[in-house]
Amino acid sequence: MIENEQAPKISAIMPVYNGIGYIESSLPPLIEMLERGELCEVLVVDDGSTDSTVELASGMGATVIDSGGRLGPGGARNRAGELAEGDILWFVDADVVVKHGAPAHLLSGFADDHVVAVFGSYDDRPPAQNFFSQYKNLVHHYYHQLASEDAVTFWAGCGAVRRDAFLSVGGFDTERYKYPSVEDIELGNRCLLYTS
């Protein structure tokens with residue numbers, strides 16, 4: 001349980017479409033964090049899955065939200081952001097497995113009231129066995145580790161944003177970015193303009 005009762009509440013949000021093969025690994029750490037009181041909720045936003053994603057996510061203990069149609073990850077995240085109870089929206093992609101202690105790292109990042117968003121880093125041990133996936137993951141890890149801690153961007157694969165800022169700037173721009181692209185980077189740029 002988080003010792004400081006004044007600490008912001010964190011809602012973990014996972015957009016998913018046909019996530020069988022991913023959520024078996026990515027959901028358990030989040031559910032464990034929920035059970036320890038490190039998260040106030042785990043929201044899985046089903047974006048029209050035709051496999052057993054909904055049943056599996058519900059059975060694991062996540063709250064499943066129907067996106068209302070094939071909205072794509074940005075639209076699914078927006079839907080959950082509107083319904084979330086937490087002060088901080090922590091977006092975690094279905095193929096991302098977060099590490100133990102991640103909520104404490106998030107909260108330390110938000111200790112400064114001027115910080116609007118934080119994001120994680122790829123690790124140096126990607127599970128994918130093919131060359132291209134390993135290469136891309138390791139390149140992202142390299143850049144994340146060398147980058148300045150004061151970023152002017154955002155990564156929605158494992159990133160958190162203050163809910164009030166997210167709602168104030170209108171969430172992910174799903175009109176401009178109808179398909180997954182750089183909608184998270186663009187959100188980060190708009191969040192820089194946010195003032196509480």
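The model shown is predicted, which means the values in this text are computed figures rather than measured ones. Keep in mind that the numbers below use all heavy atoms, side chains included, and drop hydrogens, waters and symmetry copies.
Here the side chains of I10 and C40 are not in contact, with every heavy-atom distance at 4.5 Å or above. Using a 4.5 Å cut-off on side-chain heavy atoms (C-beta onward), L56 and I20 make contact. A heavy-atom distance below 4.5 Å is not found between the side chains of V116 and F110. Residues L30 and W90 are in side-chain contact: their nearest non-hydrogen atoms beyond the backbone lie under 4.5 Å apart. Side-chain atoms of I23 and V16, non-hydrogen and from C-beta on, do get closer than 4.5 Å to each other.
Note on I65 and Y22: separate hydrophobic clusters, where clusters join Ile, Leu, Val, Met, Phe, Trp and Tyr whose side-chain heavy atoms are under 4.5 Å apart, directly or indirectly. Cluster annotation: M60 is connected to V96 through the hydrophobic network of ILVMFWY side chains, with a link wherever side-chain heavy atoms come within less than 4.5 Å.
Nearest approach of I88 to P8, heavy atoms of both residues: CD1-CB, 3.7 Å. Of all heavy-atom pairs spanning V64 and A57, the tightest one is CG2-CB, 3.8 Å. In terms of heavy atoms, V44 sits closest to A62 at CG2-CB, 3.6 Å. Pairing each heavy atom of S67 with each of V45, the nearest pair is CB-CG1, 3.9 Å.
Distance check: I13 CD1 to L89 CG gives 4.5 Å after rounding to the nearest 0.5 Å. Atoms CG and CG, from L39 and L34 in turn, are 6.0 Å apart once rounded to the nearest 0.5 Å. The distance from atom CD of E85 to atom CZ of R163, rounded to the nearest 0.5 Å, is 9.5 Å.
The aromatic ring centroids of F166 and F91 lie less than 6.0 Å from each other.
Under the side-chain hydrogen bond (donor to acceptor under 3.5 Å, both in side chains) criterion, N18 pairs with T50, sequence neighbours left out. Under the side-chain contact (heavy atoms from CB on, under 4.5 Å) criterion, E35 pairs with I31, not counting sequence neighbours. For P73, the side-chain contact (heavy atoms from CB on, under 4.5 Å) partners two or more places apart in sequence, or in a different chain, are P15, R77, P180.
Looking at R79, its side chain does come within 3.5 Å of a backbone N or O of D66 through a donor-acceptor pair. Judged purely by atom type and a 3.5 angstrom limit, D112 uses its side chain to pair as donor or acceptor with the backbone of H114. In terms of modelled atom types and a separation under 3.5 Å, the side chain of S26 and the main chain of A94 share a donor-acceptor contact. Proximity of a side-chain donor or acceptor of T53 to a complementary backbone N or O of G19 within less than 3.5 Å is detected.
Residues in residues 45-57 take part in these salt bridge (charged side-chain N to carboxylate O under 4.0 Å, His left out) pairs, two or more places apart or across chains: D47-R70. Sorted by first and then second residue, the salt bridge (charged side-chain N to carboxylate O under 4.0 Å, His left out) pairs involving residues 7-28 (not counting sequence neighbours) form an empty list.
Judged purely by distance below 3.5 Å, without hydrogens or angles, the side chains of E41 and T63 never pair a donor atom with an acceptor atom.
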**Request:** Check the pair V42 / M14 against side-chain contact (heavy atoms from CB on, under 4.5 Å), numbers first and verdict last.
**Result:** CA-CA 8 Å; V42 175; M14 180 178 288; 5.9 Å; no

Name each donor-acceptor pair under 3.5 Å that joins a side chain in residues 100-109 to protein atoms two or more places apart or in another chain, with its distance.
| unit_1 | atom_1 | unit_2 | atom_2 | d |
| --- | --- | --- | --- | --- |
| H100 | ND1 | R36 | NH2 | 3.4 |
| S108 | OG | H105 | O | 2.8 |

